[in-house]
Amino acid sequence: MLNRPTEIETKWQERWYSQRINEANRDERRKFMIIFAYPGVTGYLHVGHMRGFSYVDDISRYMRMRGYNVMFPVGTHATGNGPISLAKKVAAGDEGIISYLTRNGCPEEKLKDLTNPIGVVDFFNKVYVEQYWRRFGFMADWRRFTCTIYKEYGKFIQWQFRKLNEAGLLIQKPYYAPSCIKCGPVAVDASETDISCGGNAETTEYTLMKFKCGDLVLLAATLRPETVFGQTNFWVNPDVEYVKVRHENEIWVMSRPCLDKFHYQKEGLEEVGTIDGKELIGRMCTTPMTGRTIPCLPATFCDPEVGTGLVVSVPSDAPDDWVALMMLQTDEELCKQYGLDFEMVRSIMPIPIIDTKGWGPMPAVEIVERMGITRSGDPKLVEAKKIVYKEGFHSGKMNGNCGKYSDLPVDKAKDMMKEDMLRSTEADLFFDLSERVVCRCGEPVVIRKVDDQWFINYADEELTARSHDQAKRMHIIPTDYMTNVHGVLDWFRERACVRQGNWLGTRFPFDDKWIIEAISDSTLYPIFYTVTPYVNDGSVKAENLTTEFFDHVFLGKGDVNEAARASGLDPSLLAKIKADVDYWYPLDMNLGGKEHMTVHFPAFLMNHVAILPEDKLPKGIFVNWYVISKSGKISKSKGGAQPIPGAAEKYGVDALRLYYAHIASPFADVEWDEDIIENYVLKIDRVMRNVEELAAMQPASQMSGIDQWLLSRLNTRLAKVIGGMAQYDLKTLANEAYFEIPNDLKWYIRRGGNNGTAMRKALDIWVRMMAPITPHVAEEMWEHIGGEGFVTNAKFPEPDEANSSMLAEIAEDYLRALMDDTNEILKVTRITPSRVLIYTTSQWKAKGMAMAIDMAKKGELKVPTLTKAVMQDPDLKQHGKEASDYARKIAEDLMKRSKEELVKLEADFDELAFLTSAQNFLSKEMGSNVRVFSAENPEKEDPQNKARVAQPRRPAIYVE
RNA sequence: GCGAGGGUAGCCAAGCCAGGUCAAAGGCGACAGACUCAAGAUCUGUUCCUGCAGAGGUUCGCCGGUUCAAAUCCGGCCCUUCGCACCA
């Protein structure tokens with residue numbers, strides 16, 4: 001056998017792929033189609049990504065060994081601006097990106113290809129397929145590869161959108177989206193793919209309320225429109241210069257940063273001048289809705305960067321306002337300075353507006369007092385605001401001061417009052433980010449209004465209901481997600497599905513200015529893999545992929561000849577493709593990382609439900625967790641993780657695959673730790689040497705007890721593995737095949753097993769069990785033990801009743817327990833034994849046990865019942881108190897036993913004969929002479945009268 | 001804020017849904033022994049506490065409950081991780 005992993009990998013990959021056993025073609029077998037959610041082309045991937053990918057290959061290999069015709073296609077997702085921005089940087093000679101590329105193995109001469117986005121995509125497509133997936137020996141059908149920017153893929157996506165439109169699921173309405181002022185829309189997310197800072201920012205919706213102030217309109221931005229009835233005054237920052245902005249017939253006042261941002265959200269804003277905050281102070285303005293007159297007062301906490309830089313004061317419910325008001329009301333000097341009438345200021349009283357359980361009428365006043373806050377800018381105010389807001393929002397009710405909104409819960413009143421003010425044009429909307437966000441290009445990110453944004457209406461009730469139904473029928477792993485996915489489906493709303501700007505992707509079929517967005521073009525795609533081989537071999541071209549083509553092959557619409565005419569394809573080819581689609585689809589399993597739980601998986605499901613007939617809806621979802629580094633998630637954009645080819649070379653592909661499968665349940669994050677990987681490298685090596693040594697064993701015709709034991713054990717393990725794999729439990733497979741079975745084999749050898757015939761059977765089973773997870777070394781071992789063909793194509797072993805031997809398993813368990821007991825005695829007594837004497841149970845105890853088991857099986861076992869029965873039996877009765885003590889003891893013991901254990905205990909197992917046959921083994925193990933007697937043997941040696949404590953399955957032991 | 005997960009021996013990690021075979025698989029580490037000139041590999045034993053006879057005691061985040069019986073079921077609490085929409 002070869003022993004260098006890389007040699008083994010190369011050898012078998014060449015054979016697999018040259019014989020094309022990885023290619024999936026329709027035949028009579030049951031089919032199984034599995035994919036992983038294709039990765040985005042954003043640069044080099046890292047060892048963490050291989051976790052989920054390798055699960056798919058493990059499962060696909062297992063399923064093919066179980067007799068399924070398995071299709072495992074791969075592809076990539078290149079939609080978006082990732083490739084564009086990468087190409088730009090390479091073109092600009094950015095040193096960071098170039099060092100990142102070369103460090104990951106990009107040859108110098110390739111760099112020039114990476115200066116354009118398509119070059120980037122082509123390059124990485126090759127890297128993913130060759131350096132990752134083929135390198136890992138995947139049984140993927142490479143002929144089916146596709147990428148989201150291929151023009152044929154685009155045809156498919158356009159068809160998908162036509163179908164969504166026909167289903168009435170495309171809608172158009174205004175949208176407020178984060179957008180770089182230069183690059184267009186960006187994703188604001190913590191991994192900061194598009195942006196260089198501000199990943200945790202959220203979009204906040206402010207209600208802009210208008211306050212008439214002479215010929216001006218002051219705009220106050222608020223998150224709490226429901227507090228209108230509690231407004232007592234207006235806050236202006238005296239140190240800020242505000243701008244006057246003409247909008248239609250009004251002159252609005254706001255801070256300059258606000259105007260800068262507002263431009264992206266509102267048409268027709270024209271700056272017509274500026275006004276100092278100081279000038280506004282002391283003026284009176286009119287509140288919206290209530291039409292009251294309130295004064296403008298000075299406040300330094302008004303930040304021009306937040307909202308409009310102008311704030312309306314609700315001291316009853318806003319701690320900031322109450323504190324500022326208190327300060328002003330006790331500072332006559334300051335009031336004078338601004339020319340304010342001190343008495344007027346002092347006469348301002350908070351107006352209670354919300355009743356909140358556990359609070360008085362004015363929570364802000366209350367909490368400020370409780371927390372001992374006395375001045376603006378106190379950091380405790382942040383917390384105070386949070387508490388009051390939260391309590392009020394969730395459990396508050398508008399009180400009698402609130403006109404027609406009285407008695408409404410706060411969360412309802414909030415929406416109603418906002419809507420009412422918007423309708424009466426007393427308010428407007430303004431969106432802002434909760435923190436500063438900067439694009440990768442260095443320009444700020446703002447919220448931009450898009451008037452005619454297209455959405456996919458995932459909120460559609462019928463679609464949602466049907467998706468729920470399908471989700472219930474699906475095999476969703478882990479089971480937690482099976483329950484959770486329903487919540488997600490309900491929460492799923494309209495989703496913006498197209499965008500403008502410099503992006504790779506498919507043109508929106510109804511309006512060329514839009515490009516279909518990155519998530520919307522990656523939901524229905526698994527079905528496209530049924531067509532890709534024909535695209536890739538040239539028999540179907542982009543122009544053939546007409547609506548009629550897809551309607552016919554995917555939906556079974558229309559006559560084949562009509563569809564052939566419309567698509568320009570031969571009817572026989574069309575019929576063949578349709579038959580393929582009907583054979584392969586639905587998709588049996590879609591595996592993806594946990595990040596897909598709230599967006600990709602529901603969208604994947606809903607698009608299928610929206611477009612495809614019932615018999616083509618997906619059947620399974622598998623969610624896997626991450627490999628993380630010590631510092632947190634290994635991030636694509638931040639790098640720092642081991643490149644995949646380097647890891648493959650260093651550890652060997654099979655060791656890595658075993659690591660992924662065995663290190664933890666797929667539903668837990670694991671930490672990448674090189675020392676742990678090394679252990680798996682050793683494990684693979686050990687297993688191979690094991691097989692080599694065991695295969696050399698000479699055949700024997702006679703089956704001994706230990707031979708039977710070995711085969712029976714394998715049987716038991718197989719049953720467990722196959723049971724687990726019904727849930728794709730790769731960890732159990734890995735644990736049994738690579739850890740438990742080697743331990744069994746060790747025991748077999750230790751017990752003197754040396755039957756090559758039995759071993760041959762065992763190895764045949766064992767090697768096949770290893771084939772799904774570590775296929776390369778499994779092939780190597782399979783070849784070595786004389787297996788036929790590829791183990792990849794072999795059947796997965798199944799438990800064979802003929803190999804099962806309960807007695808053999810009972811015997812070895814019994815022996816182990818005896819050895820453990822003896823060891824414990826030796827440990828406690830610190831005796832180095834010169835002689836060990838063992839006594840098996842006496843007949844009357846065996847009889848008592850049988851009676852107890854009988855009762856236990858009927859569920860009648862109780863201490864008094866057994867004691868009574870025992871004392872009525874003449875054989876037992878003669879042992880008097882010893883018998884009744886024994887009865888109590890075994891009754892207590894057996895009541896705790898499971899059914900399986902009772903069956904084992906009941907089995908007719910001859911302890912004396914077995915131990916006698918194991919006498920030599922025990923002597924060798926103990927390093928001393930071991931002798932076995934029946935407790936009833938009158939000839940026995942029994943210096944300390946130990947024999948009488950012997951029980952069934954619990955021999956007495958004497959050491960000296 | 002909304003939603004979901006997790007806390008198991010020195011460490012990693014099964015077990016929990018279907019309570020009893022659980023002082024709790026497996027791995028790693030550590031210690032001791034065998035083999036070896038030696039190291040490594042391999043094999044054997046030990047690795048919560050106590051114990052000179054195979055036993056007993058206390059454990060599965062904390063508190064309480066259900067039960068003959070709880071790591072497992074129920075309630076509350078503490079800590080922690082994750083997802084939340086133009087990243088896929």
Side-chain angles (χ1 to χ4, degrees), chain A residues 37-40 42 77 79-82 175 177-179 184-195 199 202 386 389-390 393-394 458 478-481 483-484 487-488 491-499 501 503 517-520 522 592-600 602-603 625-626 628 633 636-637 662-665 667-671 673 675-676 679-680 682-683 685-686 689 731-732 734-736 738-740 743 746 749-750 817-818 820-831 862 895-902 904 925 944 946 949 954-959:
Chain A
Y38 50 25
T42 47
H77 184 266
T79 310
N81 71 356
Y175 184 55
S179 177
V186 292
V188 175
D189 70 298
S191 62
E192 301 188 339
T193 319
D194 295 350
I195 55 182
E202 285 171 37
K386 226 167 149 181
Y389 185 83
K390 194 169 139 184
F393 184 76
H394 289 284
Y458 291 113
T479 45
D480 303 315
Y481 185 53
T483 355
N484 185 219
V488 182
W491 161 86
F492 224 70
R493 328 183 278 264
E494 304 94 349
R495 183 183 176 90
C497 62
V498 294
R499 55 180 295 158
W503 260 50
E517 161 282 327
I519 288 161
S520 305
S522 53
K594 63 178 174 180
E595 75 276 22
H596 294 306
M597 287 197 287
T598 41
V599 182
H600 168 69
W625 267 235
Y626 299 143
I628 54 177
K633 185 180 166 182
K636 272 189 264 184
S637 54
H662 183 258
I663 186 66
S665 134
F667 322 119
D669 288 334
V670 296
E671 211 172 79
D673 180 338
D675 293 343
I676 290 175
N679 287 320
Y680 286 97
L682 283 175
K683 170 56 83 178
D685 194 51
R686 224 173 296 158
R689 268 184 295 153
K731 183 175 157 85
T732 294
N735 201 49
E736 297 295 313
Y738 300 86
F739 293 90
E740 300 290 1
N743 284 343
K746 258 190 246 171
I749 298 298
R750 191 170 162 195
L818 173 63
D820 286 346
D821 278 350
T822 313
N823 276 329
E824 185 154 3
I825 294 168
L826 295 177
K827 180 186 148 204
V828 171
T829 60
R830 295 190 205 132
I831 295 173
K862 293 262 157 57
M895 281 192 294
K896 290 191 221 165
R897 304 289 173 143
S898 65
K899 256 203 196 105
E900 295 78 52
E901 275 191 304
L902 291 177
K904 283 188 181 174
E925 289 287 324
Q944 278 191 9
K946 289 282 179 192
V949 301
R954 202 75 212 283
I957 302 163
Y958 169 70
V959 297

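These numbers come from a predicted model, not from an experiment. Order of the sequence lines sets the chain letters (A, B, ...), proteins ahead of strands, with each chain counted from 1.
- Residues A/P955 and A/L818 have side chains in contact (heavy-atom distance under 4.5 Å, counting atoms from C-beta outward).
- When each of B/G26, B/A53, B/A88 is scored by its nearest atom to the side-chain atoms of A/S522, the top-ranked nucleotide is B/A88.
- Closest to the side chain of A/I825, from the set B/C86, B/A53, B/C84, is B/A53.
- Residue A/D669 contributes atom CG, which lies 14 Å from atom C1' of B/C12 at whole-angstrom precision.
- Taking 4.0 angstrom as the limit, A/R954 places none of its side-chain polar atoms (N or O) nearer than this to OP1 or OP2 of B/G54.
- In terms of phosphate contacts, A/R750 brings a side-chain nitrogen or oxygen within less than 4.0 Å of OP1 or OP2 of B/G45.
- Closest to the side chain of A/K594, out of B/C82, B/G54, B/A88, is B/C82.
- Taking only side-chain atoms of A/S665, from C-beta outward, the nucleotide of B/G54, B/A14, B/C12 with the closest atom is B/A14.
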| field | Stepwise side chain to side chain contact (heavy atoms under 4.5 Å, CB included) test for A/Y458 and A/E494 | value | CA-CA 5 Å; A/Y458 291 113; A/E494 304 94 349; over 6 Å; no

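- In this structure, A/N743 atom CG and B/U44 atom P are separated by 8 Å, rounded to whole Å.
- Between A/Y175 and the phosphate of B/C86, there is a side-chain N or O to OP1/OP2 separation shorter than 4.0 Å.
- Distances from the side chain of A/N735 to the nucleotides B/A4, B/G26, B/U46 place B/G26 closest.
- In this entry the distance linking CD of A/E671 with P of B/C28 reads 18 Å, nearest Å.
- Minimum atom distance to the side chain of A/V599 is reached by B/A85, of the listed B/G3, B/A85, B/G26.
- Contact check, A/K746 against B/C43: a side-chain N or O comes under 4.0 Å of OP1 or OP2.
- Both the sub-6.0 Å distance and the 45° axial angle are satisfied by A/K683 relative to the ring of A/F739.
- To the nearest 0.5 angstrom, A/N735 atom CG is 4.0 Å from A/H662 atom NE2.
- OP1 or OP2 of B/U42 has at least one side-chain nitrogen or oxygen of A/R686 nearer than 4.0 Å.
- With a 3.5 Å ceiling on both atom-pair distances, B/U67 lacks any Watson-Crick or G-U wobble partner.
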